[in-house]
Every structure is written in structure tokens, then in C-alpha cells.
Amino acid sequence: MRPHYHFTPPRDWMNDPNGLVFYRGQWHLFYQWQPAEASGKWWGHAVSGDLVNWRHLPAALCEDEHGAIWSGSVVVDERDSSGFFNGGEGLVAIFTHQKAEYQAQSLAFSSDGLAWTKFEGNPVLRSENPNFRDPKVFWHEQTQRWTMVLATGDCLSFFTSPNLREWTPASTFGTDTDAPGDVWECPDLFPLAIDGDANRKKWVLLASRLGLDNFEDYEDGERGFGVCATYYFVGDFDGSTFISESDPLPLGGPDDYASVSWSNAPGGRRILIGWMNHWGYAELIPTPGYQGALTLPREVALRTLPEGVRLVQNPLRALETLRDAASSSGPLFLQSDEIVPVNGGSEHCEVLCEMEPEAGGASGLLVRAGDEEATIIGYDTEAQCLFLDRSQAGDSDFSDHFARRYEVPLRLQRGLLRLRVLIDSTSVEVFANGGQARFCALIFPAPGNCGIEIFSEDAGCRVRSLTIYQLKAARFDNPS
Ligand code: FRU
């Protein structure tokens, strides 16, 4: 039942991706790992040449006298500003040391990305604030200094440094929509070109919102993906202060938390990956042998849409190397309230579909369908939203918060809905209209339930084309 092409730990518990960095031809992935023998979190480690196939490596950082190793980032220190590399270059990890009494930021360094040494002067940044964690650090070209964005309770805080060891507070960023008791976690900040124009850039601030004290709101469905989701803001950053031009916008739940980006990706690419889970039920999901997986990596860009400048997200080209046999259907027309099964569904497949839903109803796809269960992905032309309904998707007994329906606003493009749906053993990821809307959802259907059906409700729908690719398993090698 392990996912075939989503990253999972070799065994036991994982949560956030950490320390994402491209270095010397390899994509490094560190992650919050708590193997059975640990009393707190460590940094697990894996590397990849293509972000699809992975090699697990021994844990990079283990808990010590300062506490457990919580989330953080890695930078390439090209000019040895930290003084750790005798004038050469190397990698510096900036992470949270966590104990019941405090959270503080610490450093570790490595000249090859494989063997890590903790700095003897740890921690380098402390506070009385009980929520003071998840440093994301990057080099800010204009001001020629390191910038850190840190989750500090109900706001995000910025710090600057010449050498990664000494940090000076610069500003804080909060929003007036914050509900009491909610905290931010795992921020990230990066510039992106608008519509591919390198002369027009905006900064994207990512952060995950956690408010399990307010979980009833989530039950009522009043707060979108609930109070455990990654959001983003589009705005400006001058090296000290971030000014947002948008409300918090959802990145695509319900199961995408702590999404952050790779540093130093070649070609200025910005690639995100998140923890495919939700703190509301992460400890309860039925996945024997391991607990937690990551979302697919997605490449992001900024596009001008009628509603404003928005992030679009799409799966990486490299993922297409997993495509195997294909089968196609269409064009075809569905009358109102019709369900048409199509051939080619399986436990690990990719569906590409172009459809024109008629006004006044909803149409879309049922995936992982069996006699009694299915995950519904559809477009509601009245509400102008894309929805994913997993209320009858399979096993949900483990939590009252799981069997739900989710919506995100989406406009059709001249009447057209383009869906790309990636199905794996325990998940479905949906990218709509070139990545303008996205869902990432865990599901636990019976293994034999692999049907794919097209449906229309209260109005008809024209299906221009539908292609299903079987997907091969990605390689996950263990340390030799
Ligand atoms: C987010 C988070 C982080 C923290 C880590 C601990 O999921 O709560 O804020 O550093 O997980 O594992």
C-alpha cells in the first residue's frame, strides 16, 4: 500500500520537508523524521538527480543536548561568510532546536552535503517566545546579506545577518484575519517573474497556518481547508519588510502542509514540496510501516489572472518519465445526470481530461471508484468552483475530520476545464487549468477499487478528450 511515486520515509514517522537545496547536481531533501528509537525529531535525508527517483541516506542531524531538531533550511555559503569552510564553500543548515522550555535557531555545516557538523556556538538565535521556529534563510542580493523569515506565533519575523551566526531583527508581518490561538509555521519567501517577464517581479511569502485549538471551525467548514494548510501572499520585499498585496491564498489542500521551496535550483526554477498530511489526523492514518508522505514536487510561476497575480503550480516534466501504457477516450457527450465508465483506471495512473461542463450543473470525474466508494473531482458551474469530495472515498473511520468535500474558486477558460489527476495508492492530486487550482488529498480506498467514470449532474457535459497513462513506480533506494 506504499505510494508508488510519492516520497515516504524508510520507516516510521515523517512530517515537514526541510533543508531543500540543490547542490553539485543533486537535489537534497531533509525531512522531519522520528524513527522508533528517537525521543524527538531528527533530520532524515535523501537525494535525487531528477526529483522523481530518490536515494535514502543516513539521518543528517540527530537530537542532542540542545533538544530535538525541528524544521529549517539549508543555504549554499559560496563565499564562506560563516567562516566554516576555510575560505571555500559549503552548506549551512539553519534549524530549530526544540525543548519543552524553548525553541532556538542553531547551525550545522557540511562541505559535501552528506556529513554534517553542528556549530559549537549553538544556538545562535533565542527568544522568550514559546513559538519561535522554522527558519528559512536566503541571500538577499540587493542588500548583500542573509535574510531569515521565522515563524513567531501569530506573525512572521524577519532577521538579517552578514555571517549566518549573528542575527538582527528587521520587521514582523501579521494579518488581521488571524484567529486567536492560530500560529504560523514553516515560512518561505522568494521572488518570481510575473507572466515570465524577468523585469516584473513580485515576492511570494508562503506560510502554513495551524490552529487545532479551533478545530470546530474546521468541522463547520468555515475556514476553507481548515486550520492546517499552507497559504501564500503576493507582495514586495525590500530586504527588511514584506508588504502584501493579497489576502492569504490557499496553496491547495486538504493535505499539503509545510510546503517550502528548494534553494539554488538551477535556471531560477522554483519548486515546492509539502507534507501530504494534516495535523488533525496525521497520527491516525492507516499506513502500516510508515506514517507520512510528501506531496509531488511542483514548479510554480506567477500569472496575471482576472482576480489578480496568482501562483500557478504544475507537476515537473521529469514525472512524465513514469508514464507507461496510455488509453484514450472521447470526444463524447454526456446528458444531464449520466455516468460513463472509462477503461484504464488503476491504482497508479494519471488522467488528462478536457471537458466543457454545461451551465447549471456540475460535471467531472469519479476516481478510485468501486461499488460503494469513489473520490469525486468536479466543477460546479453555478458556484464557479472546483471541488473534491472524499466523503465516500474509502476508509475514514480513523478521524471525524477526514470524510469531507473541499472547494476552490476557479474560472473556466472559454468554457473549458482541463484536469490533470495523479492517482497513487493512498492519494489523489488534481491540477486544473494549467495549475490555477490544485488539490492534494489522501484517500484510503479498497485496493481493488480503481474505476474511473465521467459524471454530469443537473446539466450535460462535452468531453473533448480523456487520456489515462499507467504510471510506473519511482525508485526509492536504501543506503547500501
Ligand atoms: C510543522 C511543525 C513545525 C515544526 C515541526 C516539528 O508541521 O509543527 O512548526 O518545526 O513541525 O516537527
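Values reported hereafter were calculated over all heavy atoms of this structure, with side chains retained and with hydrogens, waters and symmetry mates removed. Both ligands and their constituent atoms are indexed starting at 1 by order of listing.
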TODO: Please check if the side chain of D80 supplies one atom and the backbone of F85 the other of a donor-acceptor pair under 3.5 Å.
DONE: yes
Task: Donor-acceptor contact below 3.5 Å, side chain S244 vs main chain F233 - done: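 Checking the backbone N and O of F233 against the side chain of S244, no donor-acceptor pair under 3.5 Å is found.
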TODO: Look at atom 8 (O) of ligand 1 and say which protein heavy atom is nearest, naming residue and atom and giving the distance to 0.1 Å.
DONE: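 So the nearest neighbour among protein heavy atoms is E185 OE2, 2.8 Å.
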- [ ] Could you find the nearest protein heavy atom to atom 1 (C) of ligand 1 and give me its residue, atom name and distance?
- [x]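 For atom 1 (C) of ligand 1, the nearest protein heavy atom comes out as D16 OD2, 3.0 Å.
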For this output row, return yes or no: ring centroids of [X] and [Y] closer than 6.0 angstrom.
{"X": "W146", "Y": "W139", "value": "yes"}
{"X": "F22", "Y": "W262", "value": "no"}
{"X": "F242", "Y": "F237", "value": "no"}

I'd like to check which ligand 1 atoms, numbered from 1 as shown, lie under 4.0 Å from a non-hydrogen atom of [X].
{"X": "R133", "answer": "3 (C), 4 (C), 9 (O), 10 (O)"}
{"X": "N15", "answer": "5 (C), 6 (C), 7 (O), 11 (O), 12 (O)"}
{"X": "Q32", "answer": "5 (C), 6 (C), 12 (O)"}
{"X": "D134", "answer": "3 (C), 4 (C), 9 (O), 10 (O)"}
{"X": "Y257", "answer": "1 (C), 7 (O)"}

Task: With T8, the side chain to side chain donor-acceptor pair (under 3.5 Å) member among H56, Q291, R2 - done: R2
Open item on the list: If we set the cut-off at 4.0 Å for heavy atoms, which region of S71 has an atom near ligand 1: side chain, backbone, both, or neither?
Closed with: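 It is both backbone and side chain that touch ligand 1.
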